[in-house]
Structure formats: C-alpha cells, structure tokens
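The chains referred to below are lettered A, B, ... by the order of the sequence lines, with proteins before strands, and numbering in each begins at 1. These numbers come from the heavy atoms of this one structure, side chains and all, not from hydrogens, waters or symmetry mates. Note that this is a predicted model, so its numbers are computed, not measured.
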Amino acid sequence: MGPLASARSEVAAGSENGSQPRETEAAGVSDEAIAAFVGRVREEGARLYRDLPWRNTRDPYAIWISEVMLQQTQVARVLTRWERFMKRFPSVDALSAAAVADVVDEWQGMGYNRRALALKRAADICSAEYGGALPTGVEALRALPGIGDATAAGITAFSADVPCVYIETNVRAVFIHEFFPEAERVTDKELRPLVGRACPDEDVRGWYYALLDVGAHLKKTHANPSRKAAVYTRQSAFEGSRRQKRAWVLREVMARPGLSTAEIHRSLNAAELAAGRDRVSGEELDSILAALSKEGFFSFADGGWRA
DNA sequence: ATCCGGCCTG
DNA sequence: CAGGCGGGAT
C-alpha cells in the first residue's frame, strides 16, 4: 500500500454515499477516466513545461524557499527573487544564523512579510532539531511555521518524489475544470480523493509540474476555474488599506531604526497626505505597531522602534 | 480591477 | 469558517 491508500479508499467509500449532492458529478469517476485524464495532462504538460530554476534541484531547502515564495506570489516575481535569496541564505544553517532583520530585508517587495518571519523560525527549528536539514514527510513539515498542507506536499513531491496530495490554485483549476465543470462551489475535501487517485507512484514531481503548467495555461484561456473553489475569496483593496500602512510602517522602521512613535506618525501622515488620503489616527498607528511588534518584526526599546 | 504554485488566528 | 496579510504584473 502506498501512502495514498487512504485517499484512494476514501473515494471508494465515498462512492457508496449517495446522499452527497456531488457524488454523481465527480466521486463516481472511474479508474479509466482518471488514467485518461492523467495521460492528457502529462501530454499537455510536456508541451507547456516551464523550466523554472527551482525545478532544477532536489535540495529540500531550495525547494522550500521556492514554495514559500510562491505562496500567493506569482511565478514572474519569484523568478526575480529566488536566486538572490539563495545566494544570501544558501542553507538552513545560513538562514538560521542570519538576523531576523536581514531576512525581512531580503524579503522586502515579495509581499506577506510574515512569511519571512516564519521562514526564519522554521530554519531555527531545523537547525536545532534536525541538524540543519528539513524533516522528511508531510506531517513533520506541516508542523513547521509557515508550512501548511500545500507547502508540505510541494516540498515532499518536488524534493523526494514521494506520492502525496498537493492541492493549490493551479491544481484546483485543472481538477475543477475536468471533474466539476458544472459546480458552483468545490471544496478541497471533494478534490482530495481525486488528486490522490491521480498521483502516480513514480515521477511525482513530473506529474505535479505538469498539473501546475496545465493549470497556469488553463487560467489564460478560460475564466479561472479556481474561482469555483470553496476556499476562493477575493481580497479587499490594497490602496489605502491598513495592510498598505502596515507594510509602509515596517519599511520605515527597517530603513530608519530607532524612530519614535511620534516620528513614525508624522512621516506616515505626510505619506498619506501626499497620496491624497486622510491622516492616520494615533489609535490606528498604535494598533499597527502593536501587531507588528507582537508578530516579531520589531520591538520598542530606548525610546524607539527597531528590528 | 484581478489574482497570485497559502498560512495563521479568532 | 472568516478575515487579515503585499505588492507587482496584466
């Protein structure tokens, strides 16, 4: 029995449950249909293959960094940053030895700065507990900060070629397009058995590259099928948002360590006014500083904020 | 405006 | 389960 036995039997069991509304649409998919689908994706994936730099390594660390960067950041931007990051922090131990501020600094421009903190924390754990290597297996990876189901499976598939259920937006797009064409809302719980059944025992890495490439292509030629995923949510506007101010405050403190709250408030208001927006209340700035401080980006000492 | 090879917290 | 979290490319 391979590691996906549970996913496979889940489907077998699910097919006897006629009360689920979508059984007729997807869970009743035959093994032959899955095999045909796999063949088509493999074929189209070969034509659409993207030779991305992080695909030319099996180093779990390098792949981990790429997977975290690719969490909600598009390939085109990661392409401009992955090698630079790898050069500056070439290994788990190098990342662990670095200062938090340097990791956050390197991350600037990637978005979702929390990922940099999680990366650094996970590196510390790996350095201390796993001798500077990443743990193996989805479970152990999943336990590290910043690594969820998708990233754990991605690292496992791409570095170890071990069968696993890797579900992210491109994979969702392909499976929804193929198996849930009429559905309005598809949950990962519904996708998981199918993704598990489709995953091969060998060349897992090639299989998921094909899925990613076909999914990315699908979104260019069709309305994004991932929009029908239950987890799909649209984000509120960035311009003028708290998130924008928060990112601005972090950059400001990184650039000019030791700033007082009042000084940050003054320059933030200047920036907001220059952008044609209202002043920011002291309460909002305090709240932002408290959040950034609590999350570990920086702290207050000697009258100023610094990383 | 849309959306990105998601994760974490309440 | 909902909401917060970046910022650039198209």
Could you list by number each residue of residues 60-81 of chain A showing a heavy-atom separation from DNA chain B of less than 4.0 Å, or answer none if no residue does?
A:Glu67, A:Leu70, A:Gln71, A:Gln72, A:Thr73, A:Gln74, A:Val75
Anything under 4.0 Å to a heavy atom of chain A counts; send over the first and last such nucleotide of DNA chain C, read 5' to 3'.
C:dG4 to C:dG8
Which is true for A:Ile147 with a 4.0 Å heavy-atom rule: it touches a base, it touches only sugar-phosphate, or it touches nothing?
sugar-phosphate
Any donor-acceptor N/O pair, A:Trp207 side chain to A:Leu211 backbone, under 3.5 Å:
no
Under the salt bridge (charged side-chain N to carboxylate O under 4.0 Å, His left out) rule, what pairs show up with a residue in residues 258-275 of chain A, not counting sequence neighbours?
A:Glu272-A:Arg277
Hydrophobic cluster mates of A:Phe238, side-chain heavy atoms under 4.5 angstrom, ILVMFWY only, any path?
none
Using a 4.0 Å cut-off on heavy atoms, which residues in residues 37-55 of chain A reach DNA chain C? List them by number, or say none.
none
Not counting sequence neighbours, which residues clear salt bridge (Lys or Arg N to Asp or Glu O under 4.0 Å) with A:Arg251? List them please.
none
Which residues in residues 220-252 of chain A have a heavy atom closer than 4.0 Å to any atom of DNA chain C?
A:Gln235, A:Phe238, A:Arg242, A:Arg243, A:Arg246, A:Ala247, A:Arg251
For DNA chain B, the residues among residues 272-284 of chain A that have a non-hydrogen atom under 4.0 Å from it:
none
Does anything in residues 101-118 of chain A come within less than 4.0 Å of DNA chain B? Heavy atoms only, and list the residues if so.
none
Could you tell me which residues satisfy side chain to side chain donor-acceptor pair (under 3.5 Å) with A:Arg55, sequence neighbours excluded, listed by chain and number?
A:Asp213
Applying side chain to side chain donor-acceptor pair (under 3.5 Å), name anything that partners A:Asp188, two or more places apart in sequence or on another chain.
A:Arg172
How close do A:Ser159 and A:Pro60 get, counting heavy atoms only, and between which atoms?
CB-CA, 3.9 Å
CG/A:Asp149 to CG/A:Leu141 distance, rounded to the nearest 0.5 angstrom?
11.5 Å
For residues 116-128 of chain A, which side-chain N or O atoms pair as donor and acceptor with protein atoms under 3.5 Å away, sequence neighbours left out?
residue: A:Lys120; atom: NZ; partner: A:Ser96; partner atom: O; Å: 2.5
residue: A:Lys120; atom: NZ; partner: A:Ala98; partner atom: O; Å: 2.8
residue: A:Lys120; atom: NZ; partner: A:Asp124; partner atom: OD1; Å: 3.2
residue: A:Arg121; atom: NH2; partner: A:Glu295; partner atom: O; Å: 2.7
residue: A:Asp124; atom: OD1; partner: A:Ser96; partner atom: OG; Å: 2.8
residue: A:Ser127; atom: OG; partner: A:Asp93; partner atom: OD1; Å: 2.6

